[in-house]
Novice: 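Structure in structure tokens, see below.
The structure displayed is predicted, hence computed values, not measured ones. In what follows, residues are counted from 1 in the order of the sequence shown.
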Amino acid sequence: SEGGSNSMSDSDTKYSIWDYVGAILVAVVTGVISLQVLSRYVFKMPLAWPEELARYIFVWIVMIGSVAAAIRGGHFILGVTQRLPSESALRRIIGTVVDLSSCAFLALLAFYGGKLAWTVRAQLSPAMQVSMAVMYSAVPIGAILMLVSIVSRRVSAMALTRRKGD
């Protein structure tokens, strides 16, 4: 799925570790929100920490889900390229430009996200009293993992192209 192809292939249907981590986080956030609903509406004793924890888990879910999608080339799809033949030079050029610009953006996101996470490391969350760096670090960690997955996908695609040429 070079350059973000949206065609379903065998690699599109395989799950990465990040799919499983995301699924676990969704299960955890479901449990946390259910606990909050029960404590507030059934027991009439609302807890402060479940709402905060759910917000932070949602941020991690978004970043982990983005990594899982990047592994499959599910991001940055240009509809116009889908009409081009898969071996088209124009399609490869557009895919390369999209991947390079994505990598540049993700490198900046990782750098500035890391700076922000470092800046807020001493700040504690209101309800759980955990360092805000735990929540903010989802951004640089997710960006780095997406960057690695795009580079890895691109290198694999180049190796496959070379093998076909031999």
Novice: Are any of the side-chain heavy atoms of Leu108 and Tyr112 separated by less than 4.5 Å?
Specialist: yes
Novice: Any chance the side chains of Ser102 and Asp99 put a donor and an acceptor closer than 3.5 Å?
Specialist: no
Novice: Where do Met132 and Leu124 come nearest, in terms of heavy atoms and distance?
Specialist: CG-C, 4.1 Å
Novice: According to a 4.5 Å side-chain heavy-atom criterion applied to Ile, Leu, Val, Met, Phe, Trp and Tyr, with indirect links allowed, do Val59 and Ile144 form part of one hydrophobic cluster?
Specialist: no
Novice: Can you run down the side-chain hydrogen bond (donor to acceptor under 3.5 Å, both in side chains) pairs that involve residues 45-63, sequence neighbours left out, and say none if there aren't any?
Specialist: Gln36-Glu51, Arg40-Glu51, Glu52-Ser125
Novice: Let me confirm one number: the CG-CG distance from Leu109 to Leu147, rounded to the nearest 0.5 Å.
Specialist: 10.0 Å
Novice: Under 4.5 Å between side-chain heavy atoms, hopping through other hydrophobics if needed: is there a path connecting Ile141 to Trp118?
Specialist: no
Novice: Quick one: do Met63 and Val148 end up in the same hydrophobic cluster if we chain Ile, Leu, Val, Met, Phe, Trp and Tyr together by side-chain heavy atoms under 4.5 Å apart?
Specialist: no
Novice: Going by side-chain heavy atoms closer than 4.5 Å, which hydrophobic residues are tied to Phe43, directly or by a chain of links?
Specialist: Leu38, Val42, Met45
Novice: Honestly curious: do Ile150 and Phe111 fall in one hydrophobic cluster under the side-chain, below-4.5 Å linking rule?
Specialist: no
Novice: Between the main-chain N or O of Ser152 and the side-chain N or O of Ser156, is there a donor-acceptor pair closer than 3.5 Å?
Specialist: yes
Novice: Any link between Val98 and Leu100 through a network of hydrophobic side chains (Ile, Leu, Val, Met, Phe, Trp, Tyr) touching at under 4.5 Å?
Specialist: no
